[in-house]
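Quick notes on the structure that follows.
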Amino acid sequence: MALNFCSQAFLAFAQIPQYAQWLLHADLVPTYQYEKRVLKLLQWRNPRVRWRLKAPTHLLYLDAINTVFPDARFVMTHRDPVHVMRSVCGLYAEYIGKLTDTLDPHYIGALNVEQWSIGMERALEFRAAGHSHRFYDIDFSSMQRDPIGAVRGLYLAR
């Protein structure tokens, strides 16, 4: 996605509020089309392999993913939002702090609360629109206690 200049990764490296707002409302269908093309290239010698892509930012663009990858399935981990925000904001602060002398923790907090709140709203709308059967839900704390069991359950649910 970064190769197409449509990536949340850029938000973790700099305080760029205009880009953050643009990205929230950008049409990512072309980005996912490019990603699909790259994935096909990467697997041209073994087309039977199913990709398992992990990127929390996909939560923001489920409609675009659905357009390009209509057979996609989703694994959704459920974790306390307070812990998620603390973790994500800490990561952003770590990266941004290395590249600026004026780190603004309030900006980082507000940015991530907005981005992930919108992502959750979009995910709930996507699921309510008839796509809930495509999701496998995992409780994060259960996964931490028994990661093998959580993955086993995922594969059995296929």
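Trp51 is linked by a ring pair (Phe, Tyr, Trp, His ring centres under 6.0 Å) to nothing, counting only residues two or more places apart in sequence or in another chain. Not counting sequence neighbours, His83 has no partner by the ring pair (Phe, Tyr, Trp, His ring centres under 6.0 Å) test. Residues forming a ring pair (Phe, Tyr, Trp, His ring centres under 6.0 Å) with Phe126 (at least two apart in sequence, or on another chain): Phe74, His131. Applying the side-chain hydrogen bond (donor to acceptor under 3.5 Å, both in side chains) rule to Tyr32 yields the partners His58; only residues at least two apart in sequence or on another chain are considered. Under the ring pair (Phe, Tyr, Trp, His ring centres under 6.0 Å) criterion, Tyr19 pairs with Phe10, Trp22, sequence neighbours left out.
Inter-residue side-chain proximity for Gln15 and Leu103 is flagged as met; some heavy-atom pair is nearer than 4.5 Å. Put simply, the side chain of Leu28 does not reach to within 4.5 Å of the side chain of Leu60, judged on heavy atoms. Using a 4.5 Å cut-off on side-chain heavy atoms (C-beta onward), Thr67 and Tyr61 make no contact.
Taking Ile, Leu, Val, Met, Phe, Trp and Tyr as members and joining any whose side-chain heavy atoms lie under 4.5 Å apart, directly or through other members, the hydrophobic cluster of Leu99 also contains Phe13, Leu91, Tyr95. Alongside Ile148, the hydrophobic cluster contains no other residue (criterion: ILVMFWY side chains under 4.5 Å).
Put simply, the side chain of Asn4 never gets that close to the backbone of Cys6: no donor and acceptor are under 3.5 Å apart.
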Leu111/Tyr92 under side-chain contact (heavy atoms from CB on, under 4.5 Å): CA gap, chis, key distance, verdict: CA-CA 10 Å; Leu111 170 73; Tyr92 274 51; 3.9 Å; yes

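Val82 and Val88 fall into different hydrophobic clusters, where Ile, Leu, Val, Met, Phe, Trp and Tyr residues are linked whenever their side-chain heavy atoms come under 4.5 Å apart, directly or through other members. By the rule that hydrophobic residues join a cluster once side-chain heavy atoms approach within less than 4.5 Å of another member, Tyr136 and Leu59 end up as members of separate clusters.
Minimum interatomic distance between Asp27 and Val29 (heavy atoms only, all atoms of both residues): OD1-N, 3.0 Å. When all heavy atoms are compared, the tightest approach of Ala72 to Ile65 is CB-CG2, 4.2 Å.
Within a 6.0 Å sphere centred on NE2 of His106, other residues, nucleotides and ligands contribute 12 heavy atoms or fewer.
Under the salt bridge (charged side-chain N to carboxylate O under 4.0 Å, His left out) criterion, no residue pair touches residues 77-87, with sequence neighbours excluded. Every pair passing salt bridge (charged side-chain N to carboxylate O under 4.0 Å, His left out) that includes a residue from residues 136-151 is listed here, sequence neighbours excluded: Arg127-Asp137. Among pairs with a residue in residues 61-75, none fulfils salt bridge (charged side-chain N to carboxylate O under 4.0 Å, His left out), at least two apart in sequence or across chains. Residue pairs meeting the salt bridge (charged side-chain N to carboxylate O under 4.0 Å, His left out) criterion with at least one partner in residues 88-111, sequence neighbours excluded, are Glu94-Lys98.
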Pair up each side-chain donor or acceptor in residues 112-119 with any protein partner under 3.5 Å, not counting sequence neighbours, and list the distances.
from	atom 1	to	atom 2	distance (Å)
Asn112	OD1	Trp116	NE1	3.2
Asn112	ND2	Ile108	O	3.0
Glu114	OE1	Gln21	NE2	2.9
Glu114	OE2	Gln21	NE2	3.2
Gln115	OE1	Gln8	NE2	2.7
Ser117	OG	Val113	O	2.6

